[in-house]
Each structure stands twice: as C-alpha cells, then as structure tokens.
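Taking it in order: structure first as structure tokens, then the write-up.
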Amino acid sequence: MFKKERNIALAIIFLILIITPIFDRAPYHIFVLNMVAINIILVMALNFILGFAGQVFLGTVGFYAIACYSTSLLTVNYGLSFWQAVPFTIIVTSILSLILGLPTLKLKGFYLALMSSGFIYIVLDILRNWKSFTGGVWGIMGIPRPFIGTTLVRSDLHFYFIAITITLCLAIFAVLIEDSKFGRAFKAVRDDQLSSEMLGINSHMTKVLAFVMCGIYTGFAGSLFASLQGFVSPEMYTFELNATYMCMLVVGGLGSVPGAVLGATVLTITTELLRFLREKYLTFYALLIIIVLIYMPGGIITYVYQIIGRLFSLKNKPSQKEEINVR
Amino acid sequence: MDIQIVMQQVISGLAIGCIYGLIALGYSLIFNAVDVVNLAQGSFVMVGAFVYGASFVRSYGWPAFPAFAGLIIVMAVFGMVCEFFFYRPLRYAHVRTKLVALLALSMLLNNLALIIWGPYPMGLEGPFGTKVLSIKGATILYQNIYIIAITILLLILQFYIFFHTTLGKVLRAVAQDKDTASLMGIEANQAVSFTFAYSSILAGIAGMLIAPVFTIGTGLSQLGFMGFGACIIGSFTNVSGALIGGIILGLFEMFSASYISSLYKSAIVYLLIIAFLLMRPQGLLGKKEEVSGL
Amino acid sequence: MLFGKRITKLITITVLTLLVVVSSAGAATFKLGGLANLKSGYGQSMVSGTALAIKEINAAGGVDGVTFSIDWQDTESSAATGRMAVQKLIFDTKIDALIGCHGSTVVLAVEGLIAENEIVEMAMGSASQVTQLGNPWLFRVREDDALTAKVLANFTVNELGLTKIAIFHMSEQYGVGGKDNTVAALAEYGVEPVAIEAHNQGDVDFSSQLLNIRQSGAEAMILYSGIPDIGILIKQARQLIPGIEILSSSVGATAPAMDVAGEAGNGVYAVVSYSEDNPDEKVQKFVQAHVEEFGVKPYDFFDPLAYDAVYLLAEAIKIAGSTDHAAVRDALHEIQGYKGATGLEYYVQPNGETINELLLIQIQDGKHQVVDTIKG
C-alpha cells in the first residue's frame with residue numbers, strides 16, 4: 001500500500017543509523033547504538049508474529065534467552081567461533097519455534113498469550129536451576145567477540161558495523177517477505193482467518209511460518225547480544241523486557257517493518273535519555289502503549305509516511321484503510 | 001510416607017487452591033461479558049490489597065468494617081475508571097489490540113503502585129492473626145478457612161446474579177451480541193462498565209483476604225496468572241469452574257513440588273496449564289463449541 | 001491524600017538539590033555514581049543513605065572544600081542494564097567513584113569497566129567472588145556471604161547444639177551463593193544438611209518445600225531469601241513446622257521482612273551488619289538524623305552501609321589530600337578502624353574487603369536483641 005514510502009523510510013532510518021558514528025564516537029553512545037541494532041532485530045521478530053500474523057505471543061524473551069544461551073554455550077563450552085555459533089543458534093531457535101508453533105497455533109487470542117508467558121517462566125526456571133548445563137544463576141562469562149578475517153573485533157564501534165549490517169540485511173529480507181505471497185498470506189490470515197482459508201491459504205502453516213521467522217530473527221539478535229555483552233545470566237530476561245519490545249513495536253507501528261525499526265530506534269534511545277526518570281520509565285512505557293493504541297493505532301510510522309508522501313510528492317494518499325487493518 | 005505430612009499437603013494445597021479460585025472468579029466475569037480476558041486482573045488484586053491494607057488500615061488506621069466499605073467503593077470506581085479510559089476507547093478494536101492494551105494496563109498499575117506506596121512490602125494483620133486450626137497434627141490458618149468460606153459465598157452470589165436477576169440477563173445478552181442487545185434497549189456501555197466495577201470489587205476482596213496470608217506488595221499481581229490458569233483448567237464459562245480449577249491447580253502444585261521437584265515448581269505448573277490449553281482448551285466443565293477467540 | 005506527602009517530599013528534595021547544585025557551583029565536586037535496582041527497597045535505602053551523607057558533608061563545607069554530588073542509575077536488577085548504566089555514568093556523567101550495586105551479578109558484570117576507566121567502586125554485593133577478583137579498584141562495603149555462613153554454622157552447631165540442619169534458599173545469586181557457603185561452613189563441623197530446598201524470587205507459597213523440610217526431621221533451618229519472600233516464608237514455616245529454630249542471613253532482620261512476618265518473626269536469629277536497636281552512640285545518631293531528614297527510620301542495612309560508603313570516600317579524600325582517583329584508591333587502604341553508622345569498625349583489607357565483624361541478633365516483637373558480636 002505504501003511501498004514507496006516504506007522503502008524511503010527504511011532507507012532514511014538506516015542511513016542515519018549508519019552515519020551517526022561518524023559524528024559521535026563516545027563509547028557509551030556507541031554501546032547504545034549496538035543495543036539499537038539488536039533491539040531492531042528483536043522487534044522485527046516480534047512483528048512477524050504480532051504484526052504480520054496477528055498472534056498475541058508474549059514469549060519472545062524466551063526465544064531470546066535461548067538464543068543468547070546457545071551462542072554462549074557453543075562458544076564457551078564447545079569452542080566454536082562466533083560465526084560458527086550463529087548458524088547453530090539460528091537452527092536451535094527456529095527448531096524450537098517450530099516445535100512451539102505447531103501445537104500452540106491452534107490456540108487463539110488470550111490462550112496463546114497465557115501459554116507464551118508460561119513459556120518464559122519455564123525457560124527461566126531451566127536457565128536458573130540446571131546448573132551443570134547453563135551455569136545456573138551465575139550465568140556464563142567470557143563469550144568471545146567475532147573475528148573478521150583474522151582480526152578480533154574488540155571495539156564496540158567495529159562491532160556496531162557488523163551488527164548494523166546484519167540488521168540492515170534482515171530488514172531488507174523482512175520487506176521482501178512482506179511483499180512476497182507469504183507476506184500477503186500473513187496479512188490475510190491476520191485480518192480474516194475464515195475468508196483467507198476459503199481463498200485456499202493454509203492459515204495454520206502461515207502462522208507456523210511466522211513463528212519460525214520470529215525464531216530465526218531472535219537467533220541473530222541473541223547471538224549478537226551475547227557476544228556484545230560477553231556474558232549472560234538468567235536475571236537479564238524478564239517479563240518486563242518483553243513488554244518493552246511490545247511497546248517498541250506498537251509505538252513504531254504494528255505490522256510495518258519500518259515501524260518496527262523506527263520504534264526500536266526511538267524507544268531505545270528515549271529509554272537512555274529518560275534514565276533520569278530512573279525506576280519510573282516503565283510507567284511511561286505502559287502509558288505510551290495505551291495512548292498509541294487508542295489515538296494512533298498505526299503507530300508513529302503513519303505520520304512518517306505522511307511526511308515522506310508530501311516531501312517526495314508521492315501520489316497515494318494515506319487512507320484510513322491501513323489503520324483499520326491494524327486494529 | 002508419613003500420613004500426617006500427606007494430610008498437611010492436601011490441606012495446604014486446598015488452601016492455596018481456594019486462593020487461586022478466588023482470584024479466578026473475577027476473570028470469568030469479564031470474559032463472559034465482553035469475551036476478553038482481563039490480563040490486568042492480577043494487578044487489580046494487588047491494587048485492592050494496597051488500598052485496603054496499606055492506605056486504609058495501616059496509614060489511616062480505619063477499623064475493619066469501614067475499611068471494607070471504603071474498599072468496595074474505591075474498587076468499584078477504580079473498575080469503572082479503568083473501563084472508561086482503557087477499555088471503552090478500544091471496544092471496537094480487534095481482540096489482540098485489547099489484549100495488548102490490558103497488558104499495558106497491568107504494567108502501568110504495577111509501576112504506579114511502586115510509586116504511590118513505595119517499594120517496601122508490608123504485612124497486614126488479618127482478623128484471626130496467625131491462629132491455626134489443628135487437626136491431628138495438620139494445621140490450617142483460620143484466615144484460610146475464612147477465605148474458603150467467602151469464596152464459596154461469592155460463588156453462590158455470582159451464580160445467583162448471573163442466572164436469576166435482570167442484571168444477569170442483561171450481562172448475558174450483552175455478552176452474546178452487543179448490537180442486538182442495544183437494539184433491544186440495553187445500554188451495552190453501562191453493562192460493561194458495571195461488569196468491570198463488579199470484577200474489580202471481586203479483585204479487591206481477594207486482595208483484602210490474601211494480604212494477611214502473604215504480604216501487601218507488587219508480587220501479588222503475579223497471582224493473576226494462577227487465577228487465569230485456574231479458569232483454563234476449570235472453565236471460563238462455567239461459574240463454578242473457577243473454584244474447581246483453582247483447587248486442582250493448588251493440589252497439583254503442592255504434590256508436584258513435593259514429589260517431583262520443588263526447583264521446577266512453576267515450570268511444572270505451567271506445563272499442566274499448557275497441557276490443558278492444548279488438550280482441553282474449554283476446561284473441564286466447559287462445552288466444546290464455546291471455544292472462541294481471534 | 002495518597003499523593004500529597006510524596007509529592008511535597010519530591011519537590012523539597014528537588015529544590016534542595018537545586019540549591020546545593022547552585023551553591024556549590026565553582027567549588028570542586030567529587031562526582032559519585034549510584035548503581036542499584038531502584039525499584040527495590042534496597043535501592044531506595046541506598047539512595048536515602050547516600051543523600052543523607054552527602055547533605056551532611058556538603059553542609060559542613062565539604063571535605064577540604066571538596067563537595068559531593070551523586071547521580072543514580074537504575075539497573076532493573078539486570079547485569080546488562082547495569083553495564084549500560086555504568087557506561088552512562090562513566091562517559092556521560094564522568095563520575096569519580098561508584099556506589100553500588102547491591103547485586104553481585106551487576107558488580108561482577110561491570111568490574112572490568114571500572115578497572116579500565118580507573119573508577120573506585122564501593123560495591124555492596126555480598127558474593128564471595130567480588131573480592132576474589134583481584135581488581136584493585138573494587139572495594140566492598142558489605143559483609144562477605146562466607147562470613148555470614150561461618151557465623152550461622154558455628155552458632156547453630158556449637159551454641160544451639162543442633163546438627164539436623166536444613167537450608168532454604170532463593171534461586172538467584174544471593175541465595176545460591178549463601179547456600180554454597182553454608183554447606184561448606186557446615187562441612188567444617190562435619191555436618192551435612194538434611195535438606196536443601198529452593199524457591200524462586202517472588203514466590204508466595206512455600207508450603208511444599210517447608211513440608212519436605214519437616215519430613216527430613218530438621219531441627220534448624222537456615223534461610224537465604226529475599227524481600228518480601230522471607231517474611232511470608234517465616235510465617236508459613238511457623239505454621240507448618242512447629243518448634244524448628246529459624247536462622248537467617250541479614251535480609252531476614254530488615255524492617256520490611258519483620259513487618260511481613262509479624263509475630264512469626266519472634267525468636268528468629270539473624271546475622272547482620274547493622275541493627276537500629278544497637279545502643280551504640282554512632283548508630284543512634286544516624287537513626288535520629290535519618291528520621292529528621294526523611295521522617296522514617298532506615299528500612300534496611302543498605303541505608304547505613306551506603307551512608308558509610310560515602311564517608312569512607314570522604315575519609316580517603318582527606319587522607320589523600322586530593323581527588324585523584326588513584327590517590328583516593330590508595331588512601332582507602334589506609335583506613336583502619338573507622339567507626340561507621342552501622343556500629344562496625346571498618347578495616348580496609350588489601351583485597352578490598354572492609355567489614356570483618358558481624359552481629360548475631362534475635363528478633364523479639366519487631367526488635368533486635370543483640371546476642372553476640374563476632375569478629376571474622
């Protein structure tokens with residue numbers, strides 16, 4: 001519907017993200033940029049399930065924790081390099097998402113919401129208590145950074161270039177999927193499962209595919225995060241973390257790739273700017289979700305589309321149609 | 001094994017199960033009225049505990065009865081306010097939007113509670129203190145017996161309201177078809193608003209009753225998940241399903257933690273709930289065709 | 001009514017801070033960074049403890065004209081967020097020293113950063129690993145878990161004369177570390193725990209674990225748990241295991257824990273670094289100042305510990321005669337026998353440990369009765 005706007009928006013956001021380090025190389029800011037890149041991947045992952053397929057799945061953090069841990073275990077305990085561990089991590093998370101996706105997608109609405117939050121608790125219980133395998137409450141230390149050629153990527157700045165490249169590729173991939181017949185199938189199932197089935201779309205398989213895509217994307221995010229931090233421990237993964245990703249997606253724009261990218265970028269940076277609010281910033285997040293849901297259900301990306309439409313004088317006027325679909 | 005211990009396990013399991021059932025009562029009500037599970041119900045319970053225990057009893061020093069009356073009024077208003085600001089603007093939105101909004105509401109309430117009442121948990125003296133009833137070495141808090149009695153009382157009340165009053169008919173009509181109901185002169189908005197008020201009162205009473213057993217703190221909102229689980233095991237649509245589901249959940253939790261592993265207690269409990277979701281999503285007491293959703 | 005008091009307090013604090021900032025402009029400022037889970041009571045106690053110390057020091061014109069300021073950052077009790085927050089403190093706020101965190105996970109996650117950037121850290125995590133790192137910039141103003149475990153084991157076996165001991169711990173770092181240390185300490189007396197049970201943080205029902213302990217025939221139970229879990233746990237333990245002796249790490253003797261436990265708390269032993277019922281003059285002066293400033297008594301031991309951490313830094317600046325980071329670090333090691341608001345004397349060890357004595361107390365009607373003072 002807004003293909004041109006979408007592509008321009010994505011190009012602008014990524015251009016800004018890529019050139020920012022030229023102007024600002026303060027170590028803390030570079031670290032935040034790294035987190036921006038990782039959060040973008042995670043929110044895009046959530047977008048596949050919640051935005052494209054329309055399933056209220058709250059278990060992304062569970063996948064994320066598993067991805068971080070599998071990269072850590074593979075590199076630290078089994079001596080793989082970062083680049084060897086990434087494909088294995090993705091295989092692990094996508095198989096898990098397949099296993100989880102197949103039976104649970106029969107569940108609808110709030111049943112899936114409960115089941116997926118249960119999934120987080122189960123994952124966390126295992127991470128905390130299976131000491132011999134996961135390192136228990138102490139987590140895993142000394143996760144290596146990736147090599148490029150023969151040089152170890154030590155600085156956060158260089159790591160950022162790897163992270164943002166991967167993020168950009170994944171964003172392009174997500175856009176390609178959105179435009180493919182799978183993307184159309186996702187949205188058909190989301191908007192009206194019954195009629196989509198009459199059109200010959202296998203709604204079950206479509207949803208499973210959304211799950212697997214989510215697993216693959218969280219696999220990337222987890223690998224990057226574990227390597228960036230150098231350590232993982234179970235208390236990093238909380239239910240509230242899940243809520244922040246959901247907030248990023250809703251505020252950016254449910255069901256829109258640039259929306260996910262924009263939401264993750266803006267809110268990750270805002271969180272850092274709002275650190276003076278300290279423990280109160282989650283209150284702000286919660287309010288933000290509700291306000292955006294009520295007053296701009298398409299997220300801030302709809303306004304960005306309008307501005308881009310005007311700047312580049314594109315023909316198709318933003319209509320209400322997109323918003324209704326999102327709701 | 002020691003028979004005394006087993007008896008104690010049964011009694012403790014029943015006690016915690018009834019608490020789950022009490023929390024579950026509020027869930028089924030809103031579900032029946034608007035076909036949405038109130039994911040913020042656990043936070044409503046927490047708010048009830050804070051308002052009654054932290055503000056009325058501890059800060060203002062009110063005696064039990066005025067505090068209880070105050071709680072009912074505050075929770076009724078609170079429920080209506082939540083409905084008006086967070087549910088009503090989204091009433092025509094998709095179920096998934098409502099769920100996300102309710103989740104955000106629960107997050108908002110938990111964090112607001114921290115700001116208003118502070119991060120320190122508080123104790124609350126119940127009407128029976130820590131006195132226990134002892135039967136052949138197995139003990140149960142009088143507070144727990146009190147909880148069981150009130151849960152059954154509320155259950156009967158809910159059953160009566162739902163099936164034997166005009167109000168109940170209105171609520172059921174709205175639940176079945178909002179548009180037709182409003183054509184027949186039923187104020188759907190008011191009915192939904194009332195449902196929220198009533199289920200918020202139920203949550204408030206639950207908060208008041210369980211605060212002396214546990215504590216007044218934001219951790220109480222996590223019990224909401226167990227109430228949700230109780231509804232799934234029992235049934236969302238059958239009024240007594242909540243209590244039965246709660247008791248099954250409580251007993252299962254107790255015995256699995258004792259004889260399988262206490263480390264993985266919550267994981268095992270969630271596995272049971274997930275198993276129910278997959279095998280019998282309508283619950284033990286529900287009818288098959290009642291399952292609906294997105 | 002619900003908001004009134006807090007908002008007034010907030011405004012007063014903001015105005016005061018602004019005044020302090022304005023009045024101290026121009027003079028040398030020693031910038032502190034604060035790191036804690038600000039959603040927890042522990043974090044808020046650290047905030048009030050440091051605020052009091054900084055206010056006193058600044059009101060007196062600072063240490064050799066050096067005034068203090070502090071910038072708090074929330075860790076959300078996650079090591080990842082903690083690491084982000086420390087980077088903000090180091091690179092944006094440009095702090096001179098770090099107070100916190102109370103969680104050992106965060107301390108371990110950021111120790112590399114503080115060493116790299118030469119920041120003195122007054123850590124408050126109790127895990128034994130913290131001072132085993134050999135990080136010269138890391139100091140600990142909190143008791144070592146191993147010391148707590150030693151005191152508890154010795155008291156249970158030798159003073160109470162009980163050998164059937166169960167351990168009940170929370171399954172996060174504080175609890176698991178405490179359990180491991182206690183098992184090791186008990187092994188020195190040839191005692192093996194009859195039962196080890198665990199619960200997750202935030203659990204409210206402990207009956208199944210408690211019944212397992214009852215079945216094991218334990219006569220004493222050592223607790224490493226958190227707030228508010230430990231209060232509920234003690235209540236349920238009194239109901240389900242009549243006659244068992246309950247011993248706890250310092251968390252069990254904090255005001256919120258005793259408040260939640262109510263009557264059930266009577267008779268519980270605990271090992272603490274601070275007790276507000278300690279008649280010591282310095283302790284009482286601190287409690288009184290705290291009440292005057294905030295209207296409440298300190299809720300837990302983090303309040304005086306954070307207060308002392310600021311004073312230890314002030315002391316070090318005085319000794320060093322400068323605010324140079326390395327000079328302050330070296331001067332800290334010269335502090336021997338400084339009497340703090342906890343009532344303890346701080347002896348800074350080469351490994352960064354500062355506390356080497358603890359109080360054993362028994363709870364009676366919400367008050368501490370000091371049973372013994374134990375030097376490590």
Side-chain angles (χ1 to χ4, degrees), chain A residues 50 54-58 100 103-104 106-126 128-131 189-191 193 239-240 242-244 246-247 249-250 254 279-295 297 324-327, chain B residues 27 31 35-39 85-90 92-115 119 222 225 228-229 231-232 236 261-279 281-282 291-294:
Chain A
L50 188 63
Q55 303 298 305
V56 187
F57 178 74
L58 307 176
L100 199 71
T104 54
K106 281 200 301 193
L107 301 172
K108 294 161 182 179
F110 44 83
Y111 289 125
L112 184 61
L114 177 75
M115 127 99 221
S116 51
S117 43
F119 169 65
I120 295 188
Y121 286 107
I122 293 172
V123 169
L124 289 183
D125 252 16
I126 293 171
R128 267 197 296 259
N129 295 323
W130 192 0
K131 202 180 167 196
V189 171
R190 176 190 73 189
D191 295 338
Q193 188 166 336
F239 208 76
E240 279 173 348
N242 210 34
T244 54
M246 190 169 282
C247 183
L249 181 58
V250 169
L254 262 175
E279 69 277 15
K280 296 178 190 72
Y281 86 95
L282 272 173
T283 320
F284 167 80
Y285 263 31
L287 263 181
L288 199 62
I289 296 185
I290 296 169
I291 290 170
V292 169
L293 280 178
I294 295 175
Y295 295 105
I324 293 163
N325 284 344
V326 170
R327 281 197 148 186
Chain B
Y27 273 102
F31 177 82
D35 226 5
V36 164
V37 170
N38 180 9
L39 292 177
F85 284 106
F86 302 112
Y87 181 80
R88 192 169 299 185
L90 292 170
Y92 297 121
H94 197 278
V95 182
R96 88 176 73 91
T97 313
K98 291 179 190 166
L99 287 178
V100 174
L102 287 170
L103 204 68
L105 175 63
S106 123
M107 196 164 111
L108 179 68
L109 292 176
N110 293 354
N111 284 288
L112 273 182
L114 272 180
I115 295 173
Q222 281 186 10
F225 277 115
F228 195 168
C231 281
I232 284 166
F236 268 106
S261 160
S262 60
L263 271 178
Y264 294 99
K265 185 167 97 167
S266 51
I268 296 171
V269 169
Y270 272 106
L271 280 179
L272 176 79
I273 297 173
I274 291 171
F276 260 94
L277 276 174
L278 297 177
M279 312 297 198
Q282 72 274 29
V291 186
S292 65
L294 292 181

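When reading the values below, keep in mind they use all heavy atoms of this one structure, side chains included, and skip hydrogens, waters and symmetry mates. Each chain gets a letter, A, B and so on, in the order its sequence line appears, and its residues count up from 1.
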Most contact-rich option vs chain B, by heavy-atom pairs under 4.5 angstrom, among A/A243, A/G118, A/S117, is A/G118
Please round to the nearest 0.5 Å and tell me the distance separating atom CZ of A/R128 and atom OH of B/Y264.
10.5 Å
Which atoms of A/M115 approach chain B - backbone, side chain, both or neither, heavy atom under 4.5 Å
both
Which atoms of B/L271 approach chain A - backbone, side chain, both or neither, heavy atom under 4.5 Å
both
Is B/V269 in contact with chain A via its backbone, its side chain, both, or neither, using a 4.5 Å heavy-atom distance?
neither
Do A/F57 and A/L50 have side chains that approach each other closer than 4.5 Å (heavy atoms only, starting at C-beta)?
no
Under 4.5 Å from any heavy atom of chain A, what part of B/I273 do you find: side chain, backbone, both or neither?
side chain
Applying side-chain contact (heavy atoms from CB on, under 4.5 Å), can you list everything that pairs with B/L39, at least two apart in sequence or on another chain?
B/V37, B/L99, B/L102, B/L103, B/F228
Less than 4.5 Å apart, side chain to side chain, heavy atoms only: is that true for B/F276 and A/Y111?
no
Under 4.5 Å heavy-atom distance to chain B, tell me which part of A/V123 shows up: side chain, backbone, both or neither.
neither
Please identify, among A/V292, A/I126, A/L124, A/T283, the residue contributing the most non-hydrogen atom pairs under 4.5 Å to chain B.
A/T283
Using non-hydrogen atoms and a 4.5 Å limit, figure out which bit of B/I232 sits close to chain A: side chain, backbone, both or neither.
side chain
Side-chain heavy atoms of A/V56 within contact of A/L112, under 4.5 Å:
no
Tell me whether the rings of B/F225 and A/F239 are parallel (<30°), tilted (30 to 60°) or perpendicular (>60°).
perpendicular
